[in-house]
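Some notes on the structure that comes next.
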Amino acid sequence: MSDEAPVTAEKIEGIVVGVDGSQQSKCALRWAEREAVRRGSVLNIVSAYTIPVFAASSMDAGYSTLDDDLIRGGAEDIVRQARADLEGSTATIRTYIESGDPSGVLLDLSQDAELVVVGTRGRGGFVGRLLGSVSSALPAHSKCPTVVVPLAMAKEQENAGAAVASDRNCIVVGVDGSDRARSAVLAAADAAMAGSLTLRLICAVPPMGAALAWMPATVDQEAVLEDVRYQMSVGTKWLASHYPDLKMETDVVSGPPVEVLIRESEHAVLTVTGSRGRGGFTGMLLGSTSQGVLHHSKGPVMVVPDSEDPRLEDRKDFDTRAQEQ
């Protein structure tokens with residue numbers, strides 16, 4: 001079911017997907033629809049448009065009104081087509097048109113949304129500006145998790161139909177020991193449980209010679225990896241305390257984090273990261289790394305913002321117990 005016509009949003013709950021008529025946004029739309037059905041959430045289809053500067057500054061008010069009507073009409077056509085593309089869906093679907101910068105519009109809507117979904121790039125133009133800068137800026141500032149569906153996925157679906165490739169069989173999450181990464185781990189665990197999938201936790205440690213030339217020669221890369229593996233084992237015990245039925249795999253890899261996560265994304269239903277890492281030689285995940293993963297991932301990427309999840313409060317207890325043993 002859906003609204004009869006696109007309206008202006010005031011407060012949106014559920015899943016928000018930004019559309020601009022491009023192939024990438026159509027792919028994001030299909031992904032968001034499947035996720036809405038799986039979660040039992042409302043799917044909110046949103047398109048944003050801006051008035052060209054030359055029109056907005058025109059002294060001829062009549063011309064500005066005409067220009068606004070034409071551009072809004074184009075946005076309405078995009079939203080109606082998106083709704084038509086989901087004909088027969090069992091999801092509850094609502095459609096919205098917003099006047100404003102797409103990044104700002106989606107960021108505002110993220111205040112109350114459960115999830116925001118976008119494609120990697122838009123098609124350009126006054127209406128179709130949704131992605132490109134949006135897919136870079138939105139995940140860093142969104143108040144809720146953001147899923148970015150890549151161009152590679154659009155091509156995969158075009159070649160193989162709407163079904164997800166059969167070799168995508170797990171959810172991958174990048175970890176670095178920070179609280180921000182732990183928020184991402186919890187979100188990834190929720191997604192894995194909901195989809196009855198295995199959660200694969202990956203920690204990538206850059207090679208000492210390449211990333212830490214200033215470190216003493218006595219620092220042993222293998223010793224560092226072993227220490228990280230130990231910390232991962234403690235972390236999985238904590239996670240299992242909250243998700244006793246969750247199937248988990250862990251791996252500590254020596255290599256550039258961007259390359260490692262991109263490689264992992266080839267076989268993942270979803271790759272999950274936090275919005276920022278903690279720095280340091282095991283704190284490599286996000287910031288520039290997240291941008292690299294977002295723009296080169298072979299599958300959808302979820303970026304999870306910092307949270308105050310109460311499940312994080314007992315994580316230090318597991319570190320204390322490990323030290324006492």
Side-chain angles (χ1 to χ4, degrees), residues 1-50 68-110 112-135 138 142 144-158 161-164 300 302:
M1 56 182 293
S2 68
D3 294 333
E4 291 297 323
V7 297
T8 299
E10 293 182 359
K11 179 179 179 181
I12 285 181
E13 296 179 347
I15 296 176
V16 172
V17 58
V19 297
D20 64 4
S22 67
Q23 181 61 30
Q24 292 91 332
S25 80
K26 290 180 180 180
C27 182
L29 174 69
R30 288 192 291 268
W31 191 95
E33 185 271 336
R34 289 195 299 271
E35 188 68 7
V37 171
R38 186 183 68 79
R39 296 186 182 204
S41 300
V42 174
L43 177 63
N44 302 279
I45 302 173
V46 178
S47 188
Y49 71 97
T50 56
D68 179 78
D69 289 343
L70 288 173
I71 296 174
R72 182 179 177 86
E76 289 175 348
D77 289 342
I78 287 172
V79 167
R80 289 194 180 98
Q81 182 58 54
R83 179 65 186 89
D85 289 343
L86 299 182
E87 187 66 33
S89 171
T90 59
T92 297
I93 300 173
R94 296 169 183 161
T95 57
Y96 300 91
I97 299 295
E98 290 290 306
S99 174
D101 177 76
S103 295
V105 166
L106 294 177
L107 182 58
D108 286 345
L109 295 179
S110 76
D112 301 298
E114 178 182 343
L115 185 71
V116 176
V117 183
V118 294
T120 47
R121 290 183 297 175
R123 65 180 184 181
F126 302 133
V127 176
R129 260 189 357 99
L130 260 188
L131 306 171
S133 60
V134 175
S135 59
L138 182 64
S142 176
C144 71
T146 302
V147 171
V148 178
V149 183
L151 178 60
M153 180 63 72
K155 291 181 177 179
E156 179 180 304
Q157 290 191 352
E158 183 178 350
V164 176
M302 176 190 287

[Y] and [X], any side-chain heavy atoms less than 4.5 Å apart:
| X | Y | result |
| --- | --- | --- |
| V16 | S110 | no |
| V147 | E35 | no |
| N44 | L109 | no |
| V149 | V117 | yes |
| E33 | R30 | no |
| D112 | I12 | no |
| V79 | Y96 | no |

Considering non-hydrogen atoms only, spot the tightest contact between [X] and [Y] and give its length.
| X | Y | result |
| --- | --- | --- |
| A48 | V105 | CB-CG2, 4.1 Å |
| G119 | A28 | N-CB, 3.8 Å |
| G21 | I78 | N-CG2, 3.6 Å |
| R39 | I15 | CD-CD1, 4.2 Å |
| A82 | I45 | CB-CG2, 4.0 Å |
| A91 | S89 | N-OG, 3.1 Å |

How many angstroms lie between atom CD of E114 and atom CG of L43, to the nearest 0.5 angstrom?
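With rounding to 0.5 Å, CD (E114) is 11.0 Å from CG (L43).
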Which value, rounded to the nearest 0.5 Å, describes the distance between I93 atom CD1 and R83 atom CZ?
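Taking CD1 in I93 and CZ in R83, the distance rounds to 3.5 Å.
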Assess the residue pair T146 and L106 against the criterion (side chain to side chain contact (heavy atoms under 4.5 Å, CB included)); give the C-alpha distance rounded to whole Å, side-chain angles, the decisive distance to 0.1 Å, and a yes or no.
CA-CA 10 Å; T146 302; L106 294 177; over 6 Å; no
Do the side-chain N and O atoms of D85 and Q81 include a donor-acceptor pair separated by under 3.5 angstrom?
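Side chains of D85 and Q81: pair found under 3.5 Å.
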Please check if the side chain of D20 supplies one atom and the backbone of S47 the other of a donor-acceptor pair under 3.5 Å.
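A pair under 3.5 Å: no.
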